[in-house]
**Q** 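Take this structure first; my questions come after.
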Number of protein chains: 2
Amino acid sequence: MGTTQLEPVPEPKYWHLRTVLSEALDSEFSVGEILPNERELAARFGVARATLRQALEQLELEGRLQRRRGVGTTVAPPRVGVAVGTEQQAWPGAHDDAWQPADCVLAVPPAVVAATLETGRDEPVHTVRRSRVSHGQTVAAELLHVPAVSVPGLTTVGAPSGPARARAVLRELQRLDLEGGHRSVELGSAGADDAKELDRLPGAPVLVVTTRFVAAGRTAALSVATYRADTCRLTFGDFGGVEIDEEPEQRAS
Amino acid sequence: MGTTQLEPVPEPKYWHLRTVLSEALDSEFSVGEILPNERELAARFGVARATLRQALEQLELEGRLQRRRGVGTTVAPPRVGVAVGTEQQAWPGAHDDAWQPADCVLAVPPAVVAATLETGRDEPVHTVRRSRVSHGQTVAAELLHVPAVSVPGLTTVGAPSGPARARAVLRELQRLDLEGGHRSVELGSAGADDAKELDRLPGAPVLVVTTRFVAAGRTAALSVATYRADTCRLTFGDFGGVEIDEEPEQRAS
DNA sequence: GAGTGGTCTAGACCACCAC
DNA sequence: TGGTGGTCTAGACCACTCA
């Protein structure tokens, strides 16, 4: 990348710059290596820093770069494959499913959640917070909403919140017969809470995986999991029974 | 949204602005309505246009807004659900699968594709271009790579490329026994070709769905489909057999 | 041609990290 | 304390759409 200046092209500068940098990453850099800082790169290519940053943002979105304030810009490793399709037939919390319960509160959820759960207004819902660690990094944060009526066996004594409560809710869930469910994936941006949990800035792109679990003819639980879009590739289990190579999934304990 | 000025807050201005605008969208605007232009909005909130644009970009990423050069910024309709999990057990092109073949070329694919296909260097591969239309809008563009050896029955006479060729390749594919496959989803940005097809600008965020189809013990086809991340929510069919309400999918006749 | 969003600039200051 | 990326500004010009 010792070259300087960009030849004039019809496409936007930042887009061309993205291409040039991308090729440089392929040929001249190795994973983990740190790039020259933004001011230097901008000068080297003869563009404003804002323009250079537009190109870097693209590359970060594509998982090619990793930027950390106060540190620098480094070449990102390939995205890690994270399995989200295999535990389809089981409740959350079943025989340790790669998720680590962190907290639990009992409250009336936001309107949009209540609507999806088909719970009434003012109907209390357990909200379990969990996180998922893979390859030594927190890759996802989840809010699992469980209407109180779905876990009637839950003893109302003891801790009303906290990790212990979370585990109790998950345990009660196993008692129900899982009839089915439904899953969708869309792009979102990390809220303040998720961003902190994922070690990203607010607004960072995330893949939102929404899973509805059905038992006794109604929605018994709703999971909203946000995965770091920069570092994760969501994999949906093999179909047809053929084994394909896949990164081993590091489970929580 | 008649209010002006932002109260000082510790969080970044663009993030706070995003929140304020988001709430305004919920309460004061309806789908399709056009917002005041960027210069006016920036003045109204007392920020630079670049800062306002950062907030708008967030909201567009979340599928709340739609911006079109020369036209304006409008309130986006809710994301459309696009089914990607139902046709798991069938080859691409089976009894019309919502995809419309557009073109086909026979050539040596880029190295990364060849590696995934496990084809040798210089081994020719049919690359079929298809597009998917839903709710009257092109929501996805696909490149389907089929090694020439996977469709040995394909007569080498006649059109070497074009839609007719594409259909011929898909037809030949049906003759193979589909043994299995594998699917993953990740975030990407639209290249120039895809961007044009999807009516977006280069670099627009897309959900990249990669599907590997296995037959006769090897990868017989590789589909790389890019979905508009701003307007699409990918849905993976129900598991457990319970029927859940879902938008009807508009198929390409 | 008027009005929109898209690109680009040259600067300033801030928040964070490591030494 | 020095260096990094993150935020923000006030402007300019361009590309596109539509009346």
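Reminder, nothing fancy here: chain letters follow the sequence lines and each chain counts from 1.
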**Q** Between C/dG5 and B/Thr73, is there an OP1 or OP2 to side-chain N/O distance shorter than 4.0 Å?
**A**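 Yes, B/Thr73 has a side-chain N/O under 4.0 Å of OP1/OP2 on C/dG5.
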**Q** Can you measure A/Lys13 atom NZ to D/dA15 atom C1' for me and round it to whole angstrom units?
**A**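 In whole Å, D/dA15 C1' and A/Lys13 NZ are 16 Å from each other.
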**Q** Taking only side-chain nitrogens and oxygens of A/Asn37, does any of them come within less than 4.0 Å of OP1 or OP2 of D/dT4?
**A**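 Result: yes.
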**Q** Please state how far atom CG in A/Leu201 lies from atom P in C/dC17, giving the value in whole angstrom units.
**A**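 Atom-to-atom, A/Leu201 to C/dC17, this comes out as 10 Å.
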**Q** Nearest nucleotide by nearest heavy atom, which residue falls closer to the 5' end of DNA chain C, A/Val71 or B/Glu60?
**A**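 Upstream on the strand: B/Glu60.
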**Q** Could you point out which residue of B/Lys13, B/Glu38, B/Glu40 forms a side-chain contact (heavy atoms from CB on, under 4.5 Å) with B/Leu52?
**A**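 Only match with B/Leu52 under side-chain contact (heavy atoms from CB on, under 4.5 Å): B/Glu38.
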**Q** Would you indicate whether the side-chain heavy atoms of A/Arg165 and A/His126 approach each other to under 4.5 Å?
**A**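 The answer is yes, as the side chains (C-beta and beyond) meet within the 4.5 Å cut-off.
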**Q** Side chain of A/Arg39, base of D/dG5: donor and acceptor closer than 3.5 Å?
**A**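 Yes, a donor-acceptor pair under 3.5 Å.
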**Q** Between D/dG6 and A/Arg67, is there an OP1 or OP2 to side-chain N/O distance shorter than 4.0 Å?
**A**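 The answer is yes; a side-chain N or O of A/Arg67 sits under 4.0 Å from OP1 or OP2.
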**Q** Rounded to the nearest angstrom, tell me the gap between atom CH2 in B/Trp15 and atom P in D/dG6.
**A**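 To the nearest whole Å, that distance equals 15 Å.
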**Q** Within the structure provided, determine whether B/Phe236 and B/Val185 are in side-chain contact (heavy-atom separation under 4.5 Å).
**A**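 Sidechains of B/Val185 and B/Phe236: in contact.
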**Q** Specify the separation, in whole Å, of atom CZ of B/Arg18 and atom P of D/dG6.
**A**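 Atom-to-atom, B/Arg18 to D/dG6, this comes out as 19 Å.
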**Q** Can you check the B/Arg69 CZ to C/dG5 P distance for me, whole Å?
**A**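 The answer, rounded to whole Å, is 12 Å.
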**Q** Testing B/Arg200, B/Gln66, B/Arg64 one by one against B/Asp230 for a side-chain hydrogen bond (donor to acceptor under 3.5 Å, both in side chains), which residue passes?
**A**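 When B/Arg200, B/Gln66, B/Arg64 are each tested with B/Asp230, the side-chain hydrogen bond (donor to acceptor under 3.5 Å, both in side chains) holds only for B/Arg200.
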**Q** Give a yes/no answer on whether the side chain of A/Tyr14 brings an N or O atom under 4.0 Å of OP1 or OP2 in C/dC8.
**A**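 It does not, given that no N or O in the side chain of A/Tyr14 lies less than 4.0 Å from OP1 or OP2 of C/dC8.
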**Q** Could you state the CZ-P distance from A/Arg49 to C/dC8, rounded to the nearest angstrom?
**A**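 Answer to the nearest Å: 17 Å.
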**Q** Is any side-chain heavy atom of A/Phe45 closer than 4.5 Å to one of A/Val20?
**A**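 A/Val20 vs A/Phe45: side chains touch.
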**Q** Return the nucleotide paired to C/dG6: Watson-Crick means purine N1 to pyrimidine N3 with N6-O4 or O6-N4, wobble means G-U with N1-O2 and O6-N3, both under 3.5 Å.
**A**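 Its partner is D/dC13.
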**Q** From C/dG6, C/dA10, D/dT7, pick the nucleotide closest to the side chain of B/Glu38?
**A**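 The listed nucleotide nearest to B/Glu38's side chain is C/dG6.
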**Q** Rounded to the nearest angstrom, tell me the gap between atom CG in B/Leu35 and atom C1' in C/dG3.
**A**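 Checked: the CG to C1' distance equals 16 Å.
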**Q** Can you tell me how far P of D/dA10 sits from CD of B/Gln54, to the nearest Å?
**A**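 Going from CD in B/Gln54 over to P in D/dA10 covers 15 Å.
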**Q** Look at the side-chain N and O atoms of A/Arg53 and state whether any lies under 4.0 Å from the OP1 or OP2 oxygen of D/dG6.
**A**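 Answer is yes, contact under 4.0 Å.
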